[in-house]
Novice: 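The structure is given below, and queries will be raised subsequently.
Side chains are part of it too, since the values below use all heavy atoms of this structure and drop only hydrogens, waters and symmetry mates.
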Amino acid sequence: MVARTAAARKTVWTAPPQRESPVAFAVLFLYGSPLITTMNKVHTVQGQPVDARRVAEALGDRSVVLIGMMGAGKSSVGKRLAAKLGVPFVDADAEIEAGARLTIAEIFDRFGEPYFRDGERRVIARLLKSGPQVLATGGGAFMNAQTRDNIAAHGLSIWLKPDVEVLLARVRRKSNRPLLKTADPEQTLRRLLEERSPTYALADITIESREGPHEEVVETALERLAQALGCAGQPAPLARRKIEVPLGPRAYSILIGAGLMDEAGAEIAKLAPGARCAIVTDAHVAPLYLERVEASLTRAGFRAVSIVCPPGESSKSYGEFARVSDALLAAAIERRDVVIALGGGVMGDLAGFCAASLRRGVRFVQIPTTLLAQVDSSVGGKTGINSSHGKNLVGAFHQPSLVLADTSSLDTLSEREFRAGYAEVVKYGLIGDRAFFEFLERRWRAVFAGGPERVEAIAKSCAAKARVVAADETEHGERALLNLGHTFGHAFERLTGYDSERLVHGEGVAVGIAAAFRFSRFLGLCSGQEAARVEAHLEAAGLPTRIGDIAGLRAGEDEILAAMRQDKKVSRGRLTFILAKAIGESFIARDVDEANVAEFLREELERRPD
Ligand SMILES: NC(=O)c1ccc[n+]([C@@H]2O[C@H](COP(=O)([O-])OP(=O)(O)OC[C@H]3O[C@@H](n4cnc5c(N)ncnc54)[C@H](O)[C@@H]3O)[C@@H](O)[C@H]2O)c1
């Protein structure tokens with residue numbers, strides 16, 4: 001987000017551009033736009049539902065550009081429309097004023113109209129490169145032929161055409177319009193309207209309105225956009241999804257949706273009626289969600305004990321494994337009972353390994369509460385703890401009987417942890433689903449904000465993982481594809497001492513994924529554009545992509561190579577990489593020449609800032 005916005009704000013106006021305040025960035029980062037929660041309201045087109053999400057999806061990275069006279073309501077309508085679509089609202093006049101550090105009236109006074117028009121044309125051209133968005137333009141902007149062509153190339157135009165009396169009334173209330181500083185402003189407005197209307201009429205959509213609430217204009221705009229984009233009447237996305245992991249006798253379901261935690265008892269009762277339950281969670285998650293899960297189990301008639309571990313990677317230890325196992329034995333948990341992992345990947349791996357070894361295998365349910373755990377670690381049955389020799393070196397394959405991914409639990413996750421998990425989501429698109437990657441490019445803000453896009457992205461990720469796991473449960477072949485970015489990423493994690501202050505796992509994966517694409521380009525396997533596109537998306541979502549982005553990592557290429565050799569994916573001394581021919585076309589390269597890796601790393605490190 002930060003990088004994308006910064007890139008999009010390259011100076012085209014003469015004065016230095018002004019950047020959003022950190023608070024505005026934070027709000028936009030977290031919520032996409034301040035009113036995003038209303039974005040899925042359903043309207044109707046001739047009796048058929050119009051879903052704002054479908055309109056936004058069909059829009060892709062194009063912008064909706066509002067044109068028309070001053071006082072037509074472009075800003076008020078634009079803000080509301082943007083909120084419904086879940087895209088940013090941008091006011092071209094405000095951008096110009098911020099860039100020039102002068103009001104429009106002052107620019108007119110000091111430099112004259114032609115100077116203003118030229119700057120306006122350049123600012124709009126720049127803004128149009130940053131869609132999707134709703135862009136409100138000044139009254140004269142659409143009169144410029146180059147701007148019209150640019151709008152046609154990057155978006156859909158809507159002429160807001162209120163009744164002339166309404167315009168007059170609104171304009172009378174504001175006296176700062178430079179073009180109306182005449183002896184007879186009303187006459188000037190009528191003349192301007194007459195002159196401009198034939199050009200305004202070239203817009204893709206015209207909305208005529210009399211005085212009335214802006215909401216009505218917004219609803220009409222949504223309906224007309226849906227018609228223009230051919231997505232009127234399409235069904236709303238499912239709020240809940242179910243993915244099957246088809247592993248024969250070890251098959252299980254992944255349920256995805258908001259509020260599933262409260263149904264844990266009812267869902268577990270379908271699998272193990274009358275069982276005892278033991279919830280294993282950590283001290284961050286316990287105060288947030290333990291009571292809810294316990295209450296749900298009680299409602300379903302279960303007796304349950306809870307075991308709370310310290311949060312963080314240090315709990316994947318022999319000590320904690322022994323402590324939790326003993327607590328499970330003390331609670332008389334037997335084979336047909338259920339161990340429930342409630343938390344992130346650490347709790348899933350630890351509780352899963354305890355369940356795998358306790359009485360040679362106890363039933364196990366995952367309630368993942370981090371994005372990483374929902375899209376990755378809770379699915380596939382890998383469980384384990386760390387040893388002084390390395391991460392995840394002691395463990396077992398033990399499939400859960402059920403995964404309940406409550407997407408609303410991610411609302412309490414730190415922004416950094418959410419982003420880190422998002423790297424794994426992007427990974428699935430890059431491995432084998434270009435369309436999913438393109439969906440993420442368009443809709444990542446909505447995934448961050450929650451709602452149906454989040455459910456959709458998690459479901460797509462789980463389905464991708466389920467497919468690979470079903471084909472290769474114990475990682476003898478294709479499952480290695482899931483390690484895209486991990487050979488590099490694990491080396492960076494090792495070199496930063498697994499210090500989550502400096503680098504969390506998903507951030508290592510993000511740098512690793514970007515490096516894997518750059519390495520693929522280095523080897524002549526994929527184009528520079530593809531590698532740059534991957535990097536741009538990760539950066540847009542606020543993830544690191546360069547070795548230089550990792551705090552205090554001073555290692556040279558030999559140390560990085562040595563760290564890669566210690567990865568458990570090294571087979572008989574040969575390095576395995578997941579490389580790519582293109583986005584969505586990754587493959588396993590088992591015999592990569594170390595000399596090439598060293599040369600690539602040298603190049604990468606040369607770009608590291610001192
Ligand atoms: N088994 C697998 O296939 C697999 C795959 C990938 C990663 N992993 C493992 O997963 C672990 C990383 O998982 P992680 O990133 O989820 O880390 P984590 O479990 O340590 O969770 C990250 C932090 O978020 C907190 N947290 C969890 N849910 C929260 C919520 N809803 N609200 C607020 N805070 C919350 C946790 O207490 C912790 O402090 C690593 O140990 C990694 O090896 C396993």
Side-chain angles (χ1 to χ4, degrees), residues 243-254 345 348-349 352-353 356 361 366 372-373 375-384 390-400 403 423-437 460-491 493 505 508-509 512-513 515-517 519-520 523 525-526 530 534 564-594 596-597:
I243 306 292
E244 301 295 346
V245 188
L247 285 173
R250 294 176 304 289
Y252 54 96
S253 307
I254 307 165
D349 281 10
F353 186 45
Q366 292 260 25
L372 177 131
V375 299
D376 190 1
S377 61
S378 67
V379 179
K382 279 192 188 176
T383 70
K391 263 191 73 161
N392 300 325
L393 291 180
V394 178
F397 282 98
H398 185 56
Q399 299 293 344
V403 180
E424 302 282 358
V425 175
V426 174
K427 182 188 78 178
Y428 292 111
L430 297 176
I431 291 173
D433 190 345
R434 190 179 181 91
F436 181 43
F437 178 79
K460 279 246 185 244
S461 302
C462 288
K465 179 146 189 188
R467 260 195 312 276
V468 175
V469 167
D472 177 19
E473 187 179 358
T474 49
E475 196 167 325
H476 290 295
E478 193 193 337
R479 187 162 175 172
L481 277 173
L482 299 173
N483 297 325
L484 173 65
H486 286 61
T487 309
F488 287 106
H490 280 164
E493 281 188 90
H505 174 72
V509 169
I513 286 173
F517 268 79
F519 188 39
S520 301
L523 295 174
L525 295 164
C526 95
E530 292 286 90
V534 171
M564 283 176 171
R565 284 193 210 102
Q566 287 175 44
D567 197 81
K568 68 180 183 310
K569 276 120 202 161
V570 173
S571 167
R572 294 195 178 83
R574 288 183 316 189
L575 286 174
T576 297
F577 282 89
I578 311 306
L579 300 177
K581 290 186 208 139
I583 289 167
E585 289 179 52
S586 298
F587 64 96
I588 304 165
R590 293 204 190 276
D591 211 355
V592 175
D593 186 347
E594 276 201 19
N596 278 333
V597 185

Novice: State, to 0.1 Å, how close Lys427 and Ile513 come at their nearest heavy-atom pair, and which atoms those are.
Specialist: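 Smallest interatomic distance, heavy atoms only, reads CB-CD1, 3.9 Å.
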
Novice: Take Val534 and Ile583 through the side-chain contact (heavy atoms from CB on, under 4.5 Å) test and state the conclusion after the steps.
Specialist: CA-CA 8 Å; Val534 171; Ile583 289 167; 3.7 Å; yes

Novice: Looking at CD1 of Ile578 and OG1 of Thr487, how far apart are the two atoms once the value is rounded to the nearest 0.5 Å?
Specialist: 6.5 Å

Novice: What distance do His486 atom NE2 and His505 atom NE2 have between them, rounded to the nearest 0.5 Å?
Specialist: 4.0 Å

Novice: If every non-hydrogen atom of Thr383 is compared with every non-hydrogen atom of Ala356, which pair is closest and at what distance?
Specialist: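 Minimum heavy-atom separation between Thr383 and Ala356: OG1-CB, 4.4 Å.
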
Novice: Within this structure, what is the CZ-CG distance for the pair Phe519 and Leu525, rounded to the nearest 0.5 Å?
Specialist: 8.5 Å

Novice: Return the minimal non-hydrogen interatomic distance between Ser461 and Val425, and the atom names on each side.
Specialist: OG-CG1, 3.6 Å

Novice: Between atom CD1 of Ile431 and atom CZ of Phe587, what is the distance when rounded to the nearest 0.5 Å?
Specialist: 13.0 Å

Novice: Run the side chain to side chain contact (heavy atoms under 4.5 Å, CB included) test against Ser377 and tell me which residues pass, sequence neighbours left out.
Specialist: Asp349, Leu372, Ala373

Novice: Could you point out which residue of Asp376, Val403, Ile254 forms a side chain to side chain contact (heavy atoms under 4.5 Å, CB included) with Cys462?
Specialist: Ile254

Novice: Sequence neighbours excluded, which residues qualify as side chain to side chain donor-acceptor pair (under 3.5 Å) partners of Glu530?
Specialist: Arg434

Novice: Hey, what do you get for CG (Asp472) to CG (Leu482), rounding to the nearest 0.5 Å?
Specialist: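 Reported to 0.5 Å precision, the distance equals 9.0 Å.
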
Novice: Which residues pass the side chain to side chain contact (heavy atoms under 4.5 Å, CB included) test with Ala471, sequence neighbours left out?
Specialist: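 With sequence neighbours excluded, Ala471 shows a side chain to side chain contact (heavy atoms under 4.5 Å, CB included) to Glu478, given in chain and number order.
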
Novice: Sub-3.5 Å donor-acceptor pair from the side chain of Ser586 to the main-chain atoms of Ala580, do we have one?
Specialist: no

Novice: For a quick test of reading the model, state the closest non-hydrogen atom pair linking Glu244 to Ser253 and the distance between them.
Specialist: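 Between these two residues, the closest heavy atoms are OE1-OG, 2.9 Å.
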
Novice: Can you give me the closest heavy-atom contact between Met564 and Ala491, atom names plus distance?
Specialist: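 Closest approach of Met564 to Ala491, heavy atoms only: CG-CB, 3.7 Å.
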
Novice: Where do Pro400 and Gln366 come nearest, in terms of heavy atoms and distance?
Specialist: CB-CG, 3.9 Å

Novice: Using the test ring-ring contact (aromatic ring centres under 6.0 Å, His included), find all partners of Tyr428 that sit at least two apart in sequence or belong to another chain.
Specialist: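 ring-ring contact (aromatic ring centres under 6.0 Å, His included) check on Tyr428 returns nothing, list empty.
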
Novice: Examine distances only and state if a side-chain atom of Lys460 and a backbone atom of Phe436 form a donor-acceptor pair shorter than 3.5 Å.
Specialist: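 No.
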
Novice: By the salt bridge (Lys or Arg N to Asp or Glu O under 4.0 Å) test, which pairs, at least two apart or in different chains, include something from residues 576-592?
Specialist: Arg574-Asp591

Novice: Applying side chain to side chain contact (heavy atoms under 4.5 Å, CB included), name anything that partners Gln399, two or more places apart in sequence or on another chain.
Specialist: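 If we apply the side chain to side chain contact (heavy atoms under 4.5 Å, CB included) test to Gln399, skipping adjacent residues, the hits are Leu247, Arg250, Tyr252, Val469, Glu473.
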
Novice: Measure the spacing between CZ of Phe353 and CG of Asn392 and express it to the nearest 0.5 Å.
Specialist: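 Rounded to the nearest 0.5 Å, the CZ-CG separation comes out at 11.0 Å.
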
